[in-house]
Protein chains: 2
Amino acid sequence: MGTRIALVDDDQNILTSVSMTLESEGFEVDCYHDGETALRGLARRPVELAVLDIKMPRMDGMELLQKLRGTSSLPVIFLTSKDDELDEALGLGMGADDYITKPFSQRLLIARIRAVLRRASQDEMDMAAPNIIRQGELLMDPDRHLCSWKGEEVKLTVTEFLILQALASRPGMVKNRDQLMDAAYGESVFLDDRTIDSHIKRLRRKIKVQDSSFDNIETLYGIGYKYRA
Amino acid sequence: MGTRIALVDDDQNILTSVSMTLESEGFEVDCYHDGETALRGLARRPVELAVLDIKMPRMDGMELLQKLRGTSSLPVIFLTSKDDELDEALGLGMGADDYITKPFSQRLLIARIRAVLRRASQDEMDMAAPNIIRQGELLMDPDRHLCSWKGEEVKLTVTEFLILQALASRPGMVKNRDQLMDAAYGESVFLDDRTIDSHIKRLRRKIKVQDSSFDNIETLYGIGYKYRA
DNA sequence: CGCCTGTGCCGCAAAGCCGCCGCAATGACG
DNA sequence: CGTCATTGCGGCGGCTTTGCGGCACAGGCG
């Protein structure tokens, strides 16, 4: 199934010809004549990218973008007339992902659309990957480098954070020092095993400052460490 | 049949567009405008995951989560505004499984929903542990270096663990001391036979501390040992 | 140029583990 | 029943692993 794209322009000629081209490229296109209709339509029938004319009756592209961005981070490409370069700057400043000046070649539009979509999906990959870890009183949010124990923040260094994350993401699972090393640095980094001990030491100490009864990082003699939930 | 998801937000635009997207992805969506209605609706029509806006009239997401968590462990994803990061921390501390800041892309939401659902179902089926040994009252999980007798943990050293594992993995099968030696250390390690006796001694003692009637490690005079199921 | 933080590693002391010894208990067998 | 082989068990000395304080070095920053 093709990617769904909204096309908003008051010029019926553009609407028809561009939508034809896009459809022939495998996209599914929803056409709207003005911002207001588009806003309503998009609520019912979401798309993955919108191509907006800036100048339109009833609600122009700028205003539409603003309303859309209130609720979603939909990628947007603006269509601008050659003479109003001011609007271009404004549109981009507002958060458009790209813009094209009329007249434009259809091929260029398609290229831009593909580029914006690629960029957007890349961003989401980055965002979607790591989730929140919650194990009992421990809370970790890798996105924000946030770690808290019993609701109170614990300030960790990067290395400490990664090691604790590796342990807490699979509570109960035993990790030897090499595995923790791989988690903290990439693989193929060779360091003294005992370095891990140092980080564990600092981790335990930092959390114990707030809660002296903390003992969830367990040592397994001759094997490694594990996090007890 | 799709997974059922509750969507609670006071913004009708979000409600419509997000529910459309989710439905097009094969989910079944129940929409609610506020916490109170949602609470009543969810009682009648349970879901497997809830997406909650934090700020809502009558009963906000926070309060709703609290009430929901009183009775079930329903996975929850929060929608938060970019500006109030305080709420995020609070929401997470309260037990949300993830959160997304507005504005967000629908694709991201879907990715997060899938991730949370995956994690939840993973937790339920107890992490797909392929290596667990269960023989009657004995339970061994090498990945976690966990051994329990009649539900109570028995702390074993590596060598003890390996020997018991070798015995219990083939209950009834006789193992001579050399075989047990190979299981515990690699082959090509030469030690006094009687060392195995020592480990057996310690094994029996450790388990007997918890259950004096334990006698499942059997001695075969002149041959070796076997585990009786 | 100094201060500060993060980090890797060293060295010592404590804790844990293991192999073996010696003696008592048990089993095999004539 | 006597004798020898095998096993159970307490214990001990020594080795390994770990905890922890601390030090030196590197990089960031004013």
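Below, chain A is the first sequence line, B the second, and so on; all start at residue 1.
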Undergrad: What is the distance, rounded to the nearest whole Å, between atom CG of A/D193 and atom C1' of D/dT18?
TA: 12 Å
Undergrad: Mind calculating the distance between CZ (A/F190) and P (C/dC9) to the nearest angstrom?
TA: 8 Å
Undergrad: Taking CG from A/D197 and C1' from D/dG21, how many angstroms apart are they, rounded to a whole number?
TA: 14 Å
Undergrad: C/dC10 P sits how many Å from A/L191 CG, rounded?
TA: 11 Å
Undergrad: Answer with yes or no whether B/S198 presents, from its side chain, a donor or acceptor under 3.5 Å of a partner atom in the base of C/dC20.
TA: yes
Undergrad: For a quick test of reading the model: is some side-chain N or O of B/T219 closer than 4.0 Å to OP1 or OP2 of D/dG8?
TA: yes
Undergrad: Considering only C/dG22, D/dG10, D/dG11, which nucleotide approaches the side chain of B/R202 most closely?
TA: D/dG11
Undergrad: Between P on D/dC9 and CG on B/D192, what's the gap in Å once rounded to a whole number?
TA: 18 Å
Undergrad: Quick one about A/T3 and A/R114 (side-chain donor to acceptor, distance below 3.5 Å, no hydrogens or angles considered), yes or no?
TA: no
Undergrad: Separation of A/R205 atom CZ from C/dG6 atom P, in whole Å?
TA: 12 Å
Undergrad: Report yes if at least one side-chain N or O of A/T157 is closer than 4.0 Å to OP1 or OP2 of C/dT5; otherwise report no.
TA: no
Undergrad: Quick one: is C/dC17 close enough that its OP1 or OP2 comes under 4.0 Å of any side-chain N or O from B/Y185?
TA: no
Undergrad: Indicate the ring-plane relationship of A/W149 and A/F214, choosing parallel, tilted or perpendicular according to the 30° and 60° boundaries.
TA: perpendicular
Undergrad: Counting side-chain heavy atoms from CB outward, which of D/dG8, D/dG19, C/dC20 is closest to B/R194?
TA: D/dG8
Undergrad: Could you tell me whether the phosphate oxygens of D/dT18, OP1 or OP2, come under 4.0 Å of any side-chain nitrogen or oxygen in A/R177?
TA: yes
Undergrad: Regarding A/L156, tell me which of base, sugar-phosphate or nothing describes its non-hydrogen contacts under 4.0 Å with the strands shown.
TA: nothing
Undergrad: For A/K226 and A/K175, indicate whether the former's side chain and the latter's backbone hold a donor-acceptor pair under 3.5 Å.
TA: no
Undergrad: Could one point to a donor on the side chain of B/K155 or the base of C/dG16 with an acceptor on the other under 3.5 Å away?
TA: no
Undergrad: Of A/K206 and A/T195, whose nearest nucleotide on DNA chain C comes first from the 5' end?
TA: A/K206
Undergrad: Tell me which nucleotide among C/dC18, C/dC9, C/dA15 gets nearest to the side chain of B/H199.
TA: C/dC18
Undergrad: Taking atom CZ of B/R228 as the centre, report whether more than 12 heavy atoms of other residues, nucleotides or ligands fall under 6.0 Å from it.
TA: yes
Undergrad: Judged by atom type as modelled, is there a donor-acceptor pair below 3.5 Å linking the side chain of A/T195 to the main-chain atoms of A/L191?
TA: no
Undergrad: Rounded off to whole Å, could you give me the CD1-to-P distance for the B/I217 and D/dG8 pair?
TA: 10 Å
Undergrad: Please confirm whether the shortest side-chain N or O distance from B/Y221 to OP1 or OP2 of D/dG8 is below 4.0 Å.
TA: no
Undergrad: Rounded to whole angstroms, how far apart are CD1 on A/I196 and C1' on C/dG8?
TA: 11 Å
Undergrad: Is atom CZ of B/R170 surrounded by more than 12 heavy atoms (other residues, nucleotides or ligands) closer than 6.0 Å?
TA: no
Undergrad: So if I take every side-chain heavy atom of B/E160 and compare against D/dT7, C/dC18, C/dT7, which nucleotide ends up nearest?
TA: C/dC18
